[in-house]
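Heavy atoms only: backbone and side chains are in, while hydrogens, waters and symmetry mates are out. Chain letters run A, B, ... following the sequence lines, proteins first, then strands; residues in each count from 1.
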Amino acid sequence: MQTPKEPTEAHRNFFRDVHEVVRLVPRGRVTTYGAIAHYLGARHGARMVGWAMMAAHPTVGPEAIPAYRVVNRLGLLTGRLHFATPTAMQEFLEAEGIPVVDDQVQDFKTRFWDPSVELG
DNA sequence: ATGATGACAAGTT
DNA sequence: TAACTTGCCATCA
């Protein structure tokens, strides 16, 4: 399984929506795959959300997607190995004031940002 | 065209 | 209480 390197027709509905939601995550907050999936309409497939993040990884610039703000429901940085460096994800989070210890977001429940609640 | 896989989650057994 | 099974959408072989 490789990431769609070129912006082909891959960027469709689901990926597109996932990317947009992730971009809406405010600085200093984190969300989960399930929350995004739920916001997009029930269990659209939390797995696909993670897949969408991977596809959005190489994205940089004004349309950059803060994938580091997306963790699993336990607040674990499950995708840290997919970043440029194994510690990049944690670095970004800490840079926003989100302490991370042992790949786990501290005070995760408070930092949690639920799109279906915040956005409606 | 079919089968298998993936940064998960929730419900059941 | 912990472990197992199923669902979800899209992409790759």
Side-chain angles (χ1 to χ4, degrees):
Chain A
M1 287 310 202
Q2 305 296 48
T3 68
K5 296 160 187 176
E6 299 179 18
T8 55
E9 299 178 41
H11 295 71
R12 285 193 202 181
N13 348 32
F14 199 73
F15 280 32
R16 171 79 196 170
D17 293 335
V18 172
H19 295 174
E20 187 170 346
V21 175
V22 175
R23 273 193 243 154
L24 295 176
V25 179
R27 192 169 177 284
R29 294 288 171 108
V30 296
T31 189
T32 68
Y33 306 96
I36 295 172
H38 190 282
Y39 174 68
L40 295 180
R43 285 280 190 1
H44 238 286
R47 308 168 119 195
M48 251 319 291
V49 177
W51 197 242
M53 307 316 313
M54 189 168 91
H57 216 227
T59 307
V60 189
E63 301 206 2
I65 299 171
Y68 55 86
R69 291 181 189 154
V70 184
V71 299
N72 70 350
R73 80 179 191 85
L74 300 177
L76 298 174
L77 310 189
T78 52
R80 98 195 138 150
L81 296 175
H82 287 263
F83 281 75
T85 64
T87 57
M89 191 171 185
Q90 183 174 331
E91 294 287 320
F92 281 120
L93 291 174
E94 293 184 330
E96 296 191 351
I98 302 175
V100 178
V101 178
D102 190 30
D103 297 342
Q104 183 171 355
V105 175
Q106 301 302 296
D107 199 7
F108 171 65
K109 193 168 185 178
T110 302
R111 305 276 185 191
F112 178 60
W113 184 83
D114 189 342
S116 61
V117 173
E118 302 294 334
L119 301 179

ILVMFWY cluster membership beyond Leu76(A) - transitive side-chain contacts under 4.5 angstrom =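 Answer for Leu76(A): Leu74(A).
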Nonpolar side-chain network containing Met89(A), other nodes, edges under 4.5 Å |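 Reading the cluster by chain and number, Met89(A) sits alongside Val30(A), Tyr68(A), Val71(A), Leu77(A), Phe83(A), Phe92(A), Leu93(A), Ile98(A), Val100(A), Val105(A), Phe108(A), Phe112(A).
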Tell me the side-chain hydrogen bond (donor to acceptor under 3.5 Å, both in side chains) pairs involving residues 21-36 of chain A, sequence neighbours left out?
->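 Applying side-chain hydrogen bond (donor to acceptor under 3.5 Å, both in side chains) to every pair that reaches into residues 21-36 of chain A, excluding sequence neighbours, yields Tyr33(A)-Thr78(A).
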Write down the distance between [atom1] ([X]) and [atom2] ([N]), rounded to a whole number of angstrom.
X	N	atom1	atom2	answer
Leu74(A)	dA9(B)	CG	P	7 Å
Leu81(A)	dG6(B)	CG	C1'	14 Å
Asp17(A)	dA10(C)	CG	P	10 Å
Leu40(A)	dC8(B)	CG	P	17 Å
Phe112(A)	dC8(B)	CZ	C1'	13 Å
Ile36(A)	dC9(C)	CD1	P	16 Å
Trp51(A)	dT5(B)	CH2	P	12 Å
Leu77(A)	dC8(B)	CG	C1'	15 Å

Would you compute the distance between atom [atom1] of [X] and atom [atom2] of [Y] and round it to the nearest 0.5 angstrom?
X	Y	atom1	atom2	result
Phe15(A)	Glu20(A)	CZ	CD	15.5 Å
Gln106(A)	Glu94(A)	CD	CD	10.0 Å
Leu24(A)	His19(A)	CG	NE2	13.0 Å
Asp103(A)	Leu81(A)	CG	CG	8.0 Å
Glu91(A)	Arg80(A)	CD	CZ	12.5 Å
Phe14(A)	Ile36(A)	CZ	CD1	8.5 Å

Under the side chain to side chain contact (heavy atoms under 4.5 Å, CB included) test, residues paired with Thr110(A) that sit two or more places apart =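 Applying side chain to side chain contact (heavy atoms under 4.5 Å, CB included) to Thr110(A) gives Asp107(A).
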Give me the residues of residues 22-32 of chain A where at least one heavy atom lies under 4.0 Å from an atom of DNA chain B, by number, or none.
->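 DNA chain B contact set from residues 22-32 of chain A: none.
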Go through residues 96-110 of chain A and report each residue with a non-hydrogen atom lying under 4.0 Å from DNA chain B, sorted by number.
->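 The answer is none.
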Do Tyr33(A) and dA7(B) share a donor-acceptor pair, side chain to base, under 3.5 Å?
->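 Present.
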Looking only at atom C1', what distance separates dA7(B) and dA3(C), rounded to whole Å?
->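 Nearest-Å result for dA7(B) against dA3(C) at atom C1': 23 Å.
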Across the strands shown, which category fits [X] at heavy-atom distances under 4.0 angstrom: base, sugar-phosphate, nothing?
X	result
Phe83(A)	base
Arg47(A)	base
Ala52(A)	nothing

Output the single nucleotide from [options] whose closest atom is nearest the side chain of [X].
X	options	result
Asn72(A)	dC8(B), dA7(B), dC9(C)	dC8(B)
His82(A)	dA7(B), dG6(B), dC9(C)	dA7(B)
Phe15(A)	dA10(C), dA10(B), dA7(B)	dA10(C)

